[in-house]
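Worksheet: the structure to be examined is printed underneath.
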Amino acid sequence: MVKITDKTDYSRFARPADEDEGMWLDHVEVHLVTHRVGQVKEMHVDDPPQDHVITVRSGRMRWTVEDQTFDAGPGDVIVTPAGVAHGYEVLGDEPARVVCVDTPKRPKPE
């Protein structure tokens with residue numbers, strides 16, 4: 001079944017302290033994220049577990065998923081299955097902008 005959605009069917013969020021924004025749909029979260037130059041996210045497992053599909057729009061990143069490391073640039077896609085350890089670092093001298101689709105969606109923060 002195809003579902004066309006309008007603005008009444010999703011909750012949009014924005015984080016005022018940074019450039020991130022996104023939305024919660026019925027079963028997924030979609031994030032537009034800017035990772036700052038030099039940012040590092042140590043290896044971790046999400047709690048609650050989520051599948052992530054990350055598409056790099058600009059900048060360069062080094063992703064590690066379990067025991068595999070991949071240098072990613074614009075157009076590259078990284079998949080991190082739920083329950084799998086992953087981390088990243090931003091490479092170079094420009095921020096990395098990514099689109100991240102996560103499922104299942106987490107509860108909305110209050």
Side-chain angles (χ1 to χ4, degrees):
M1 175 175 123
V2 174
K3 179 178 180 183
I4 309 276
T5 188
D6 64 20
K7 290 182 179 179
T8 62
D9 285 345
Y10 67 83
S11 295
R12 183 181 178 282
F13 65 87
R15 296 183 176 110
D18 55 35
E19 297 179 30
D20 297 355
E21 61 180 286
M23 65 185 76
W24 283 279
L25 299 169
D26 290 339
H27 303 285
V28 299
E29 300 171 37
V30 181
H31 303 263
L32 306 173
V33 183
T34 301
H35 296 291
R36 70 185 184 285
V37 172
Q39 183 174 345
V40 174
K41 178 74 171 183
E42 298 296 333
M43 293 293 285
H44 66 284
V45 176
D46 295 310
D47 184 23
Q50 288 182 299
D51 291 311
H52 303 293
V53 178
I54 301 108
T55 302
V56 179
R57 299 294 308 263
S58 62
R60 299 206 46 80
M61 302 179 80
R62 177 168 292 135
W63 279 86
T64 302
V65 180
E66 287 191 316
D67 61 349
Q68 296 182 345
T69 299
F70 179 72
D71 286 357
D76 288 328
V77 176
I78 300 94
V79 176
T80 65
V84 171
H86 57 282
Y88 63 81
E89 67 179 296
V90 176
L91 306 173
D93 58 359
E94 70 174 293
R97 293 187 50 82
V98 303
V99 176
C100 185
V101 178
D102 304 330
T103 189
K105 70 179 182 180
R106 289 181 280 196
K108 295 177 198 173
E110 297 302 322

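Remember, it's a predicted structure, so these values are computed and weren't measured experimentally. In what follows, residues are counted from 1 in the order of the sequence shown.
Between Thr103 atom OG1 and Gln50 atom CD the span is 7.5 Å, to the nearest 0.5 Å.
In this structure, Pro95 and Thr34 approach most closely via the heavy-atom pair CB-CG2, 3.8 Å. The two residues Val90 and Val37 make their nearest non-hydrogen contact at CG1-CA, 4.1 Å. The heavy-atom pair separating Gly73 from Asp76 by the smallest distance is N-OD2, 2.8 Å. The shortest heavy-atom contact between Glu89 and Val40 is CB-CG2, 3.8 Å. The shortest heavy-atom contact between Thr64 and Glu66 is CG2-O, 3.5 Å. Heavy atoms only, all atoms of each residue included: Ala72 and Ile78 are closest at CB-CD1, 3.8 Å.
Pairs passing the salt bridge (Lys or Arg N to Asp or Glu O under 4.0 Å) check and including a residue from residues 77-86, sequence neighbours excluded, do not occur.
With hydrophobic clusters built from ILVMFWY side chains whose heavy atoms lie under 4.5 angstrom apart, Met43 does not share a cluster with Leu91. In the hydrophobic clustering of ILVMFWY residues, with side-chain heavy atoms under 4.5 Å counting as a link, Val99 and Val28 come out together.
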Please tabulate, one pair per line, all N/O donor-acceptor pairs under 3.5 Å involving side-chain atoms of residues 52-59, not counting sequence neighbours.
| from | atom 1 | to | atom 2 | distance (Å) |
| --- | --- | --- | --- | --- |
| His52 | ND1 | Asp102 | OD1 | 2.5 |
| His52 | NE2 | Asp46 | OD2 | 2.4 |

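Tested against Tyr88, the residues Arg62, Glu42, Lys41, His35 include a single side chain to side chain donor-acceptor pair (under 3.5 Å) partner, His35.
The closest side-chain heavy-atom distance from Asp71 to Arg60 is below 4.5 Å.
Within 6.0 Å of NE2 on His44 lie more than 12 heavy atoms contributed by other residues, nucleotides or ligands.
Between the side chain of Gln68 and the main chain of Val65, no donor-acceptor pair closer than 3.5 Å is present.
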